[in-house]
There are 2 protein chains.
Amino acid sequence: MQPDRRDRRRLEAREEIKDTARALLAEQGAAGLSLRAIAKRMGMTAPGLYHYFGSINDLITALILDAFTQLAEAVEKADADVASRGGAERLVAVAHAWRRWALDHPIDFQLLYGSPIPTYEQPTDTTYPAARRSFLVTASIFAQAIECGEIDLPEEYRRLPPEIARSLDALTGLEGHDQPPHALYLAAISWARLHGHIMLELFHLIQPVIGDVDALFAHEVNALIRQVGFTPSQ
Amino acid sequence: MQPDRRDRRRLEAREEIKDTARALLAEQGAAGLSLRAIAKRMGMTAPGLYHYFGSINDLITALILDAFTQLAEAVEKADADVASRGGAERLVAVAHAWRRWALDHPIDFQLLYGSPIPTYEQPTDTTYPAARRSFLVTASIFAQAIECGEIDLPEEYRRLPPEIARSLDALTGLEGHDQPPHALYLAAISWARLHGHIMLELFHLIQPVIGDVDALFAHEVNALIRQVGFTPSQ
DNA sequence: CGTTTTATCTAACACTGTTAAAATTACGCG
DNA sequence: CGCGTAATTTTAACAGTGTTAGATAAAACG
């Protein structure tokens with residue numbers, strides 16, 4: 001017997017299903033995603049897919065995990081491209097890459113950070129590690145910037161609330177979280193600011209008042225850089 | 001004939017349908033919402049609902065509009081309760097009321113700012129005015145604070161990007177937008193920051209790293225107050 | 001070749017939104 | 001009161017959905 005060959009065939013089939021789902025998702029949005037549609041496009045029938053995914057929820061979860069790593073890779077690449085520069089520039093690059101990926105993959109992004117499928121319930125324990133990968137890029141930048149003295153922490157971020165400091169202390173050193181508390185905190189609030197802009201933009205809620213959302217985002221990223229304490233001259 | 005009586009009956013039926021939908025939504029989430037479920041609970045059949053709503057999309061849109069005004073009223077009330085105080089305190093009150101409403105009505109909030117129903121497409125031109133009402137509360141606070149000299153604009157917000165300034169200038173004076181450009185801009189970025197925190201919190205994405213999200217939000221609101229230039233002493 | 005495992009299909013169930021047509025109810029007026 | 005009209009509501013049906021059970025085809029192994 002050749003389990004490799006069979007397993008490979010099985011994995012290929014899983015990939016083909018996911019690719020078809022992604023294509024359907026891109027063409028017709030979340031409403032166009034259905035097992036029967038996927039199966040028809042692949043030349044088979046819906047129940048056949050159950051040999052590769054236990055349910056449509058499992059399939060969606062797989063798509064979400066893939067999308068998270070795709071986002072993380074885009075963000076990591078953007079960071080790597082300017083790795084030689086200072087933390088401020090790296091953070092700017094990461095922020096713009098993050099937004100760009102969201103705008104280029106709106107359905108995937110809503111799959112990650114919205115809940116476009118009513119029947120679908122996100123298995124938080126599974127998806128969070130995938131979500132964390134992008135976050136850690138930001139956290140690492142802050143960690144290094146703090147260590148290198150690129151950041152002069154403003155008063156409001158110098159002393160963290162004790163409850164939060166406790167959580168962050170407990171986290172530091174744990175599984176991949178080798179960043180100091182301040183880096184994690186700054187990364188978290190940066191993530192939230194970034195995320196808010198992107199989501200409002202994706203839903204076209206901020207365009208009517210601001211108009212040029214590109215300029216808004218660029219300006220706000222610059223403001224963020226200053227407000228977290230990056231020294232302007234550097 | 002008494003059109004008033006019939007119209008009133010019709011409006012009451014519409015309200016009953018929406019209330020039933022809200023109850024179903026609260027009990028079973030977005031997945032539990034269906035015309036047949038609503039009809040069954042009301043003691044009628046699904047096609048009967050079509051005399052009150054053209055489609056389930058129309059019904060959802062109505063729910064969204066109601067939720068937007070409910071959010072706006074909560075925010076306006078929070079502002080009114082501290083109307084005598086300074087802009088900083090008003091903004092803090094509004095921010096917390098906003099978050100509180102979101103946490104107390106997670107499904108409604110996702111209905112507003114997510115797209116929980118795949119087949120549903122938001123009629124932006126209809127929902128945006130409703131969304132704007134909450135936004136205008138924040139904008140008004142900023143407008144008054146700027147006028148009263150409560151705000152000493154930091155460098156990064158003193159000069160706005162020309163593309164944005166142009167949009168904001170065009171908006172000022174138009175339909176209810178009597179706020180100066182800087183007030184609108186500060187309100188927009190505050191909204192985005194607020195929104196990002198709330199969304200990440202609703203999806204339980206920020207708890208694993210921060211822990212005490214109440215403390216995080218309170219701290220970030222305080223940071224926002226300072227960063228937009230509210231004088232600390234006031 | 002036969003056997004056994006793997007993969008896929010057909011049929012069915014309980015749902016979904018929606019439409020057409022029929023049936024029922026309520027109302028105003030002579 | 002009773003008739004006629006208009007407003008409601010129901011039944012039946014269509015085309016979808018995810019999912020399961022059981023039969024069937026295909027491939028792999030001895």
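Throughout, protein chains are lettered first and strands after them, A, B, ... in sequence-line order, and every chain is numbered starting at 1.
You'll find a donor-acceptor pair under 3.5 Å spanning the side chain of A:Arg36 and the base of D:dG18, going by distance alone.
With a 4.5 Å cut-off on side-chain heavy atoms, B:Leu103 and B:Phe109 do not count as touching. Using a 4.5 Å heavy-atom threshold, the side chains of A:Leu184 and A:Phe142 count as separate.
Atom CZ in B:Arg8 sits roughly 18 Å away from atom P in D:dA7 (whole-Å rounding). Look at CD1 on B:Ile38: it is 16 Å from P on C:dC15, rounded to the nearest Å. Taking atom CD1 of residue A:Ile56 and atom P of nucleotide D:dT19, one finds them 6 Å apart after rounding to whole Å. Atom NE2 of B:His51 is separated from atom P of D:dT11 by 15 Å (rounded to the nearest Å). To the nearest angstrom, C1' of C:dT6 lies 16 Å from CD of A:Glu12. Summarising the geometry, the separation between CD on A:Gln28 and P on D:dT17 is reported as 10 Å, rounded to the nearest angstrom. What separates CG of B:Asn57 from P of C:dT18 is a distance of 7 Å, to the nearest Å. A:Leu35 has its CG atom 18 Å from the P atom of C:dT16, to the nearest Å.
Taking only side-chain nitrogens and oxygens, A:Tyr50 never comes nearer than 4.0 Å to OP1 or OP2 of D:dT20. An OP1 or OP2 oxygen of C:dT8 is reached within less than 4.0 angstrom by no side-chain nitrogen or oxygen of A:Thr45.
When each of B:Phe217, B:Tyr113, B:Trp98, B:Phe135 is checked for a ring pair (Phe, Tyr, Trp, His ring centres under 6.0 Å) with B:His195, only B:Tyr113 meets the rule.
Looking at heavy-atom distances under 4.0 Å, B:Ser34 makes contact with sugar-phosphate atoms alone, never a base. In this structure, A:Arg10 reaches the sugar-phosphate backbone alone: every heavy-atom distance under 4.0 Å involves primed, P, OP1 or OP2 atoms, never a base. B:Tyr52 comes within 4.0 angstrom of sugar-phosphate atoms only, judged by non-hydrogen atoms across all strands, and of no base.
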Exercise answer: donor-acceptor pairs, residues 32-53 of chain A side-chain atoms, under 3.5 Å, sequence neighbours excluded:
unit_1  : atom_1 : unit_2  : atom_2 : d
A:Ser34 : OG     : A:Ala37 : N      : 3.0
A:Arg41 : NH1    : A:Glu27 : OE2    : 2.9
A:Arg41 : NH2    : A:Glu27 : OE1    : 3.0

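For the pair B:Asp79 and B:Arg90, the tightest heavy-atom approach, listed with the atom from each and the gap, is OD1-NE, 2.7 Å.
Here C:dT8 is the nucleotide among C:dT8, D:dT19, C:dT18 with the atom lying nearest to any side-chain atom of A:Arg9. Out of D:dT9, C:dT19, D:dA21, the shortest distance to the side chain of A:Pro47 is found at D:dA21.
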